[in-house]
Asker: 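Structure provided below as structure tokens; questions to follow.
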Amino acid sequence: MTVVTRIAPSPTGKLHIGTARTALFCKLFAQHMGGKYLGRIEDTDKERSTEENVQLIEQALDWLDLQPDEPWVYQSKHEARHKELAEKLLAEGKAYKCFATAEELEQMREEQRARNENPMYDNRWRERTDHPEGTAYVVRLKTDLEGYTSWDDIVQGHIDYPNTQIDDFIILRSDGSPTYQLAVVADDHDMGVTHVVRGDDHINNTPKQIMLYKALGFDVPHFAHMPLIHGEDGKKLSKRHGAVAAMDFKDMGYLKEALVNYMLRLGWSAGDLEKINYEEAIKLFELKDITKSPANMDIQKLNWLNGEYLKDMSPEAILEEIMPYLNTDLSTSAKERLLKGLPGLVQRENLLPNLAKAADIYIADSIELNEQAAQKLADADKDKLAELVSKLEQTPWEEDDLSATIKGFVKETGLKMPMVMMPLRAALVGTPQAPGVSELLIVIGKDESLNRLKAQF
RNA sequence: GUCCCCAUCGUCUAGAGGCCUAGGACACCACCCUUUCACGGUGGAGACAGGGGUUCGACUCCCCUUGGGGAUGCCA
């Protein structure tokens with residue numbers, strides 16, 4: 001049997017980070033098993049679904065390289081088939097028409113709540129045959145009244161759900177449209193889905209769906225209910241927590257590789273491995289290794305991972321990532337400096353926007369001193385430093401040699417290290433907050449470095 | 001209220017009855033390195049929610065309590 005998984009977002013909002021993680025797990029599992037990973041847009045909620053959200057969801061999945069293996073299936077296009085299935089159940093006596101109005105049912109629930117009971121449909125039309133003519137009705141599934149509906153959940157283990165807790169739920173609305181329960185079951189079956197991987201907020205829907213599978217004569221797929229992601233305070237992830245949409249993380253300057261790795265480790269692990277690239281993940285990923293407890297978002301760890309991935313990238317690739325944050329055109333020499341300087345900068349900053357800011361020192365072709373730099377220069381012994389500059393001029397332009405020259409100079413003059421290094425940094429890049437002087441000299445290059453130094457000393 | 005699910009350091013997690021003096025990672029603290037800021041290195045602090053069982057022996061199995069999450073829609 002070939003494994004088929006699916007991601008089924010409903011276009012009522014942007015792609016939630018939790019949904020993105022579900023997509024990751026679905027795709028990884030399918031690839032691990034040599035199966036297929038499909039996608040379906042659950043747009044049966046006509047009130048809230050929008051085409052714009054569909055676009056947004058696809059863009060986010062695209063960014064993360066989590067696009068389905070085949071073109072998207074739109075649930076709304078299968079309405080005819082859903083209806084046909086409901087009619088079949090009706091004809092077989094496995095479902096029935098209910099003529100109760102929404103108001104009537106609301107009142108029923110109100111009374112149940114007043115009696116401290118679990119609000120549930122009371123089966124008032126289950127056995128009635130005195131159907132009124134020309135009145136709107138919904139179609140409800142005739143569910144099992146007693147016993148348990150059970151399944152072996154791949155992540156949660158064996159679950160027994162008492163049938164007394166499940167009412168005769170609606171499968172076809174009064175306007176003839178299918179509800180979610182009917183639509184998922186029908187579509188998952190029609191798409192050949194073998195493993196339903198989704199958030200554990202669907203555990204309560206599962207027994208209903210199993211009943212539907214059975215009533216329809218369909219094979220029941222395997223289920224894997226993974227815990228939801230919570231915010232840093234342990235509460236449900238919401239907009240209050242900042243980022244909830246996958247794309248928010250792109251906007252904040254995270255690398256997709258880092259986000260994917262982070263999502264992977266949220267609720268799943270393989271021994272002590274932390275940094276796992278996608279290819280390794282395919283080999284290692286098993287649904288059964290997903291944790292049962294919910295995970296809290298920890299932005300610090302994401303930051304760390306981002307830095308790890310940044311350090312692995314080529315200067316060219318890093319430059320491409322930070323370009324959007326630079327908001328300026330680069331001169332040829334600036335680009336050259338950036339390419340040389342980025343590997344050093346990346347040791348200091350984990351996030352793209354911060355890195356871009358740090359890269360500022362290499363962008364300008366002419367130096368502009370900030371306040372601190374001006375102070376360091378004002379305090380400096382310019383005559384002595386001028387001697388250093390001419391020594392540097394005679395030194396082979398290699399980091400180690402330059403460093404040796406500077407250290408030797410410091411030793412023989414007896415000057416304090418910072419009294420040498422700080423003014424040098426100031427002269428070189430306009431701020432004392434910069435990488436090591438010898439690193440700066442290399443990045444900026446011999447000619448330009450000497451120009452800048454001689455301008456001050 | 002009722003039902004379902006969950007429960008190891010601050011956070012992500014390892015742990016499938018003796019390997020646990022509970023391991024790793026992020027964050028934190030100290031020291032080292034050092035040219036500011038970082039990187040790196042070494043070390044430190046830090047958890048089995050509580051109570052009952054079962055067992056020669058429980059982080060691991062069972063029950064209860066507590067806490068958290070979810071469901072209880074003609075939403076998905």
Asker: What does A:P162 touch in the nucleic acid at a heavy-atom separation under 4.0 angstrom: a base, only the sugar-phosphate, or nothing?
Answerer: sugar-phosphate

Asker: Return the 5'-most residue of the pair A:K311, A:H158 with respect to RNA chain B, ranking by each residue's nearest nucleotide.
Answerer: A:H158

Asker: Could you work out, with salt bridge (Lys or Arg N to Asp or Glu O under 4.0 Å) as the rule, every residue matching A:E308, not counting sequence neighbours?
Answerer: A:K311

Asker: Quick one: does A:Q347 reach the base of B:rG40 with a side-chain donor-acceptor pair under 3.5 Å?
Answerer: no

Asker: Have a look at B:rC31 and give me syn or anti from its glycosidic angle (syn if within 90° of zero).
Answerer: anti

Asker: Applying salt bridge (Lys or Arg N to Asp or Glu O under 4.0 Å), name anything that partners A:E58, two or more places apart in sequence or on another chain.
Answerer: none

Asker: Using the ring of each side chain (for Trp, its six-membered ring), is A:H131 parallel, tilted or perpendicular to A:W125, with breaks at 30° and 60°?
Answerer: tilted

Asker: Would you say the side chain of A:N205 and the base of B:rA71 hold a donor-acceptor pair, judged only by whether the two atoms sit under 3.5 Å apart?
Answerer: no

Asker: Is the phosphate of B:rC26 approached by A:N303 (side-chain N or O, under 4.0 Å from OP1 or OP2)?
Answerer: no

Asker: Between B:rA76, B:rC3, B:rC74, spot the one nearest the side chain of A:S10, thanks.
Answerer: B:rA76

Asker: With distance as the sole criterion, do the side chain of A:R348 and the base of B:rC39 form a donor-acceptor contact below 3.5 Å?
Answerer: no

Asker: Are A:R109 and B:rU2 close enough that a side-chain N or O sits under 4.0 Å from OP1 or OP2?
Answerer: no

Asker: Grab the CG-P distance between A:L266 and B:rC12 for me, whole Å please.
Answerer: 8 Å

Asker: Considering only heavy atoms and no angle criterion, is a donor-acceptor pair shorter than 3.5 Å present between the side chain of A:S174 and the base of B:rC74?
Answerer: yes

Asker: Would you classify A:T12 as touching base, sugar-phosphate or nothing, given that sugar-phosphate means primed atoms plus P, OP1 and OP2, and contacts are heavy atoms under 4.0 Å?
Answerer: nothing

Asker: Using a cut-off of 4.0 Å on non-hydrogen atoms, how would the nucleic acid contact of A:A114 be classed: base, sugar-phosphate, or nothing?
Answerer: nothing

Asker: Can you work out whether A:Q156 or A:E349 has the more 5'-proximal nearest nucleotide on RNA chain B?
Answerer: A:Q156

Asker: Choosing from B:rC6, B:rG68, B:rU36, which nucleotide comes nearest the side chain of A:H230?
Answerer: B:rG68

Asker: Side chain of A:Y161, heavy atoms from C-beta onward: which of B:rC74, B:rA14, B:rC4 has the nearest atom to it?
Answerer: B:rC4

Asker: Would you classify A:P418 as touching base, sugar-phosphate or nothing, given that sugar-phosphate means primed atoms plus P, OP1 and OP2, and contacts are heavy atoms under 4.0 Å?
Answerer: nothing

Asker: Between B:rA76, B:rU2, B:rU36, which nucleotide has the shortest distance from any of its atoms to the side chain of A:T179?
Answerer: B:rA76

Asker: Any idea which of B:rA76, B:rU13, B:rC74 is nearest the A:S269 side chain?
Answerer: B:rU13

